[in-house]
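As structure tokens, the structure follows; a few thoughts come after it.
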Amino acid sequence: MLLPAQFTATLLQRLVVTPLDHDAPVTVLTGVDWSTGNGDLGGTLPRVRLHHAEPLEVAHRPGRLDLRVRSFGHQEELVERLAVLADPAARDVVVGRTRLAEGLRFAGGAGRDLRVDTLAVVDAPFDDAPAVDPDVDAVPDLDRVVAEHEKIWARRWKRHAEVDGDPTLVEGLRYSQFHLFGSIDRARAVHNVPARGLTSEYHSGHFFYNTEFFALPHAAWTDPDAARAMLRFRISTVDAACAHAARTGHVGARFPEEADLFGDSGSPALVRDVLRDDEWRERAGEQVVHTSADVLHALRSYVEITGDREVLHEECVPLLAEAGRYLAGLLRFDPEVGGRTVRGVMGFDEFHYDVDHHFGTNLLAGWGLSWAAETLLDLSARNPSVLAELERREISRTLLQKWVDWAGEVYLPPTRDGVVPVFDGYFSLPDETCERHPGQNLPLPVKENDERRSGGLVKQADVVQTMVLLSERFSRSDIERNLRYYEPRTAHGSSLSPMTHAIAAAWAGDVPLATRLLAGSARYNLDFAPRENFRNGVHLGAAAGAWLVLVRGFLGADPAGEELRFAPLLPEGVTRLRVPLRWRGRGLTVVLTPGTVELLADADNALPLPVRVDDTRVELAPGARRTFTPARRPGSGVTD
């Protein structure tokens, strides 16, 4: 499937079949299928829909298929016209309840290439653009489409992380980056990456914190315009987040745990397992309350990596103000613990819900409140328009200072021997560790209900993830201590789990563990077990997370401050790691081998690039190249 970037409504599928040792006729079926995967999952059971679209108009003529449908869940109509370009011996139209296609029968001929090009032009009016009538005959010739597609992918691959060595890791990183690069529509000023992209209906095309923690930072390092488009999705849905907050008894902007295309909550309240005819209550939509802090964290990451501070006062004041207002109302003073906290929540670990004083939720909420307030105080002091906007929203500088003070009152559950509990009372649960099974991402059955709530096993990275996200608040030895405790107790039952443990392991110098978890992210879909569950699509958060493990973990890249810092360490089984990066408008390629790290500044950089490798600081002029000897060795441990 080709997706040329300049033709965002044009898709081309080119199929070439070559009979090798027979002259039998060959039949190719091509067209549109609007069924879901529910048919083989008991789609006739109550409350389980079979189809995701309702056909309104179907028409066809030789070589042309026309379809107009209405999607379930939204009333927008989608028009798709297909040109099936081939020279078969005969054509048959296939019109079914969920399919409009042509069956192309080719005469036999061993060794002869049989080519079918299916060109689709789609009008999906999900934005303010006027509706158009797609015309397949007006699309440029196919050779031009293919040539442009190849040029686009050649440019994309120049930005990929290139690994030599272990073939399984090489395969996993190329596979995951291919899907990651293909998931971003660079023609849109407002865009986001669904959890599964367009590879599956699983999660209904909705958005989770995987964008904020993984996909957006990856784009900020490689394609800042795409990162800003992802940021604009949250900016454009602030009003929807405010409405969601009001519906759920809060003030300000509460971004949903699971957001749909319009920013509204798409979280299910009931999950049904049609294979076991079982159902259970889903609490995430109700009890996950940290997403607004996640959005603020993504904004900070974007600004630190790109240096684009103009976006703060030009576009982000409503987001900062209303997300801050929400977090200020969320964190209530609790006299029982003597600080501000939240009760009855679900954190990143989805095995345990309805818990009090969750470490990650409290710390991220307190950080987000403080960062939003301090950013607004700074912006309002320098921009009269920002001050006027805050006054319109009834947010004074005095109130902002109160937010900073309240953030300092956040309660965090006490540690035990330096280990932070997931939530208050976690250490009183029966201890439970997780056995690993080679080749499986899910070492134990995973289900967010009472089966797992009573033990200490956690579904996915939680405490360590929070520490990695806010690493400036912890020493590396503190992060390592918590990694050593939680890694055996983490099932990694989510594609969003292995990467932050991998980053922490790389910081600790534990190359075998960091490499194993890197491979678990990069190869999440390739090694997925059981294989029949692969139908839920490509896990794009894992793909972006694997890339971040290379950059934040093994290269030790730190974008904060006035210089780009590195503390490099090579993954196990890798002989060479090459990663192109962009930092604050300047390009840089990092090449790491067993004994050296080489930095090459892009020749077209407008300014010198200040970098620090371990303890050595240099300024790279445009086009300059410098080679260093890394200070860190496998197993060398952490440095604070």
| said: For Ala542, give me all partners under side-chain contact (heavy atoms from CB on, under 4.5 Å), at least two apart in sequence or on another chain. | reply: Ser495, Met499, Tyr524, His539
| request: Taking atom CG of Asp615 as the centre, report whether more than 12 heavy atoms of other residues, nucleotides or ligands fall under 6.0 Å from it. | output: no
| Mind checking what makes salt bridge (charged side-chain N to carboxylate O under 4.0 Å, His left out) contact with Arg586, not counting sequence neighbours? | none
| message | Using the side-chain contact (heavy atoms from CB on, under 4.5 Å) criterion, which residues pair with Asp354? Sequence neighbours excluded. | response | Gln287, Arg453
| field | Results of salt bridge (charged side-chain N to carboxylate O under 4.0 Å, His left out) for Arg343 - residues two or more places apart only | value | Asp334, Glu336, Asp356
| query | Which residues satisfy the ring-ring contact (aromatic ring centres under 6.0 Å, His included) test with Phe233, sequence neighbours excluded? | reply | Phe207
| What residue pairs, at least two apart or across chains, pass salt bridge (Lys or Arg N to Asp or Glu O under 4.0 Å) with a residue in residues 308-319? | Arg228-Asp308, Arg228-Glu314, Arg228-Glu315, Arg232-Glu315, Arg309-Asp378
| field | Pairing residues for Arg393 by the salt bridge (charged side-chain N to carboxylate O under 4.0 Å, His left out) criterion, not counting sequence neighbours | value | Glu322, Glu389
| Residues which pass salt bridge (charged side-chain N to carboxylate O under 4.0 Å, His left out) with Glu391, listed by chain and number, not counting sequence neighbours | none
Please tabulate, for side-chain N and O atoms in residues 544-560, each donor-acceptor pair with protein atoms closer than 3.5 Å (sequence neighbours left out).
{"from": "Arg552", "atom 1": "NH1", "to": "Ala557", "atom 2": "O", "distance (Å)": "2.6"}
{"from": "Asp558", "atom 1": "OD1", "to": "Ala560", "atom 2": "N", "distance (Å)": "3.1"}
{"from": "Asp558", "atom 1": "OD2", "to": "Arg565", "atom 2": "NH2", "distance (Å)": "2.7"}

| request: Please identify each residue that fulfils side-chain contact (heavy atoms from CB on, under 4.5 Å) with Ala461, with sequence neighbours left out. | output: Gln465, Ser497, Thr500, His501
| Test ring-ring contact (aromatic ring centres under 6.0 Å, His included) applied to His313 - qualifying residues, sequence neighbours left out | none
Do any side-chain atoms of residues 239-249 form donor-acceptor pairs under 3.5 angstrom with protein atoms, and if so which ones, sequence neighbours left out?
{"from": "Thr248", "atom 1": "OG1", "to": "His244", "atom 2": "O", "distance (Å)": "2.8"}
{"from": "Thr248", "atom 1": "OG1", "to": "Ala245", "atom 2": "O", "distance (Å)": "3.2"}
{"from": "Thr248", "atom 1": "OG1", "to": "Arg254", "atom 2": "NH1", "distance (Å)": "3.2"}

